[in-house]
Each structure stands twice: as C-alpha cells, then as structure tokens.
Colleague: 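Following this message is one structure expressed as structure tokens.
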Amino acid sequence: MADKQATLNVDGNDVEFPVLQGSTGPDVIDIRKLYGSTGKFTFDPGYKSTASCESALTYIDGQEGVLLHRGYPIGQLAESSSFMEVAYLLLNGELPQEQELNHFEYTISHHTMLHEQLRHLYQGFRRDAHPMAIMCGVVGALSAFYHDSTDISDPEHRKISSHRLIAKMPTIAAAAYKYSIGQPMLYPDNSLSYTGNFLRMTFGVPAEEYEVIPEVEKAMDRIFILHADHEQNASTSTVRLAGSSGANPFACIAAGIACLWGPAHGGANEAALNMLREIGTPDKIPHYIERAKDKNDPFRLMGFGHRVYKNYDPRATVMQKTVREVFDALKVDDPVFETALRLEEIALNDDYFVEKKLFPNVDFYSGIILSAIGFPTTMFTALFALARTVGWVAQWNEMISDPGQVIGRPRQLYTGPTQRDYIPMDKR
Ligand code: SDX
C-alpha cells in the first residue's frame, strides 16, 4: 500500500514515486517506474540503500540489534526452540503443533541418505580439498539426481526439493569431513535427531557405537538456529538472483554456498578463529587493533563489523554464552576464548570501532565453540552453509511462489569507450 509519495526533481521535472510501508522497519521508495519516466537509473553498488524484494521471513533492526524470524526474537528461539522447529517456522510462517513438527521431522529424516552414485563423486576430489569446494560441487550435482523434483512451477516439486536439500546437507557436509580425513562416510541413523545424526556422521566411526553428548547436541542445534536465516545477505541474494532465472533449487543453493564461502561473509568464522590463534595472547591485541585501523593495511578484525548491525549482533550474544556451556560440558578450555573476550573489550572501548559502530558479529565466537567440539577450521563455513540452507530454501520458496516474480537484471553506469571503428592489425 502507498498513501505517501516521494518527489524527485529530474532535469527540472518533478517525478512522484509511491512510498511503500512494511509491517515494521524502513519504508521503501518504489522506483520501478524511474527509468521509464526519467531515462535514468539509480546507482547503489553494494545495495547499501536498496531493498531487493518484499519478504515476511526475517526482520533485522541493525540499530537496535534485533533479529526476528517470522516475528520471534532470535534469543527466544535459541533458548527455547530447535533447529527443525525454526526450519518449519521459516518455511510455513507459524510455529508447528507437536504433530506437525513430528511429521516434518519424520519427513526430513527420510530424505537424509545420498544416492550411492553421489557418494562416488567425492572420490573425484583431492583429499585436501576445502570442504566448501566439495559442498559447491556435490550440492550442484544434486540437480543431476532429482529430475523428478525440479519443475519449480509445481508446489509439490518445490516442497520435496526443499526437504531434500535441508535433509541432505548434514550428510553431505559430514561426508566432506570424513573424506578429508580418510575415514569412511557413515550412513544417517534416523533414530537420532537432525543434529545428533549430523554429529554421529561427522565424529562416529564404523568400529564402535557413537554416543551423542546431549549438551553438545543442544549447542550445535543452537548454532544452527543462529545461522538459519538473515534477511537479504549476500548469499541469500545470490540464491534469489539464481532462482529468478528459473534455475533448479539445487543449482541455486550451490550458488549460495559459493557466495557464502567468501571471507567477508560466511568465511569469516574460519578467518576469525585463525586470526585469534595468530594473535595468541592478549598482550598482542594492541598491535592487531592498530593494524585493523590502518587504512594502508588490508587486515580487518574478522568477526567484527556488519553491513546491517550497527549494534551488538544478537547472535554473538548467544554464541558467547554458548562457549562456556560447551567448555563446561566437554571439560575443555581454550585460552583463545580469553583472547577473544579481551579483544572485544578493547575494541569496544576504542574510538575507531565505536565511531564506525563495529561490534562482534555471529562469526566472532562461533569458531571457538566449533573448535572445542572437534571441527577443523576448514569445516566452519560448511556448517554455516548447512544451517543457512534452511533460510536459502525458505527465501527461494518465497520468491518463486510470488506471482509478480521476474528475473533479476540490474543495469549499470557505463564508463567504457563510446562506439569506435575496428582497426586492422596493420593500422594499429
Ligand atoms: C556475515 O549480511 C549478513 O547478514 C551477513 C551475515 C549473515 O548472517 O548472513 O550476518 C554473516 O557475513 C557476518 C559478517 C562476517 N564478516 C566479517 O566478520 C569480516 C570482517 N568484517 C568486514 O569485512 C565488514 O565489516 C563487513 C564486510 C562485514 C561489512 O562491510 P561494509 O558494511 O561494507 O562496511 P565497510 O566495509 O564499508 O566498513 C565501514 C568502515 C570502513 O572504514 P572507512 O572506509 O569508513 O574508513 O568500517 C571499517 C571499514 O574499513 N571496517 C572495519 C571492519 N569492518 C569494517 N575495520 C576493521 N575491522 C573490521 N572488521
């Protein structure tokens, strides 16, 4: 609805654009008719002032550090919900009744196996391949196995491919880890929870029973909840753009995995722990703080800063609390946690970080927990991708089922040569 207008004066002419209001958050100026009525484009590299779509899934208030999934605060979901329940909520819009949740979990658990041919695909990778390279390849290859569910105009096809993607990501990620350490891949055990199944496929071996530690299962499930969805971030926007051409959902999620891998995005959890280990002891922190502030030094504090949050990332709050719970459950400690706490304290009292509103984000503490559980740093972003598949799939479904959906095709400000004639080689 638009009962407000915005006026733009272009070449001396006033042009009016409707201002659309959401249920909360900033209004948007609907400029869809801008080019047609002015012959001009907007210019917004990085989309810092651009809303790419309407969505009812996730709301972020970056100033206040608020994150809601279908209206429910992330802190409450992390405390009281489960990853499967959050997946149901994001896909369906409401919290499930117990029977609905049981049915959803049963459905997901009965899609956890991979086609045996897919398992052979791993053999084509080097043993030291980064798990994200394997995830990109294997998830993209799912397109070659499920021709029975790639008609995106069919709601039933969309539903089964969504369930297959959510169900198979733990199996794919665990298999990537097993392949990298030369251990046999385990088949899913559907008597376990979604997260328990993943932990067993990752850390279990055929030679003995694997016992899921409840506190670790809960911490891992909470980490999955914290990574489930996050509005129109780079990888979600990639999934939406790929999906807007009508590409099948498996190919779209593979595109999202590729984008998430970047160190400025999902790769930051791996980079953050590597950074903390490089810093080592708290006495080295001032040197790295100065490097982060030095315009001529490409070094940045990984796990700090965010395009949207100009306050503490609410996910980082939960993550920091979870570190202690996992340390206590596993009776481990890691001095890198003290270094992280001290780094946060110093940074949050430093004018540079205060003025630029740089706070810890979801990636700052997550690696400490994942490392304590036993994951190598190379697996951290694969775990992010596993969890974010729920958000990507929910966002993809929301886009595809929108009757007004069109292919995304941005324009540009052209700064290259204007037309000129070809010069034959002997005339150059
Ligand atoms: C995720 O979008 C999402 O929602 C992403 C995510 C999700 O759930 O999907 O939340 C997950 O990707 C979290 C972010 C993980 N990335 C990192 O932790 C990498 C380190 N952070 C930065 O690279 C940066 O903060 C970004 C990429 C996250 C955000 O960059 P922006 O919004 O483009 O901001 P910017 O680069 O323009 O920075 C603004 C200023 C700059 O200084 P000036 O040019 O204004 O002088 O702040 C500085 C930057 O140099 N700055 C940092 C910094 N982050 C920004 N300086 C030092 N260390 C940092 N970490």
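Just so it is clear, the values below take in all heavy atoms, side chains as well, and ignore hydrogens, waters and symmetry mates. Start at 1 and go down the list; that is how both ligands and their atoms are numbered.
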Colleague: Using a strict cut-off of under 4.0 Å between a residue heavy atom and any atom of ligand 1, list the qualifying protein residues by chain and number.
Modeller: Lys48, His230, Asn233, Pro263, Ala264, His265, Ala268, Ala292, Lys295, Arg300, Leu301, Met302, Gly303, Phe304, Gly305, His306, Arg307, Arg315, Tyr352, Lys356, Leu358, Asn361, Asp363, Phe384, Arg388
Colleague: Under 6.0 Å between the ring centres of Phe380 and Phe375?
Modeller: no
Colleague: Using the test ring-ring contact (aromatic ring centres under 6.0 Å, His included), find all partners of Phe299 that sit at least two apart in sequence or belong to another chain.
Modeller: Tyr288
Colleague: Should the ring pair Phe83 and Phe224 be called parallel, tilted or perpendicular, given that the plane angle runs from 0 to 90° and is split at 30 and 60?
Modeller: tilted
Colleague: Determine, using ring centers only, whether Tyr309 and His230 are less than 6.0 Å apart.
Modeller: yes
Colleague: Can you confirm if the aromatic rings of Phe304 and Phe359 lie within a centre distance of less than 6.0 Å?
Modeller: no
Colleague: Are any non-hydrogen side-chain atoms of Val239 and Gln395 less than 4.5 angstrom apart?
Modeller: no
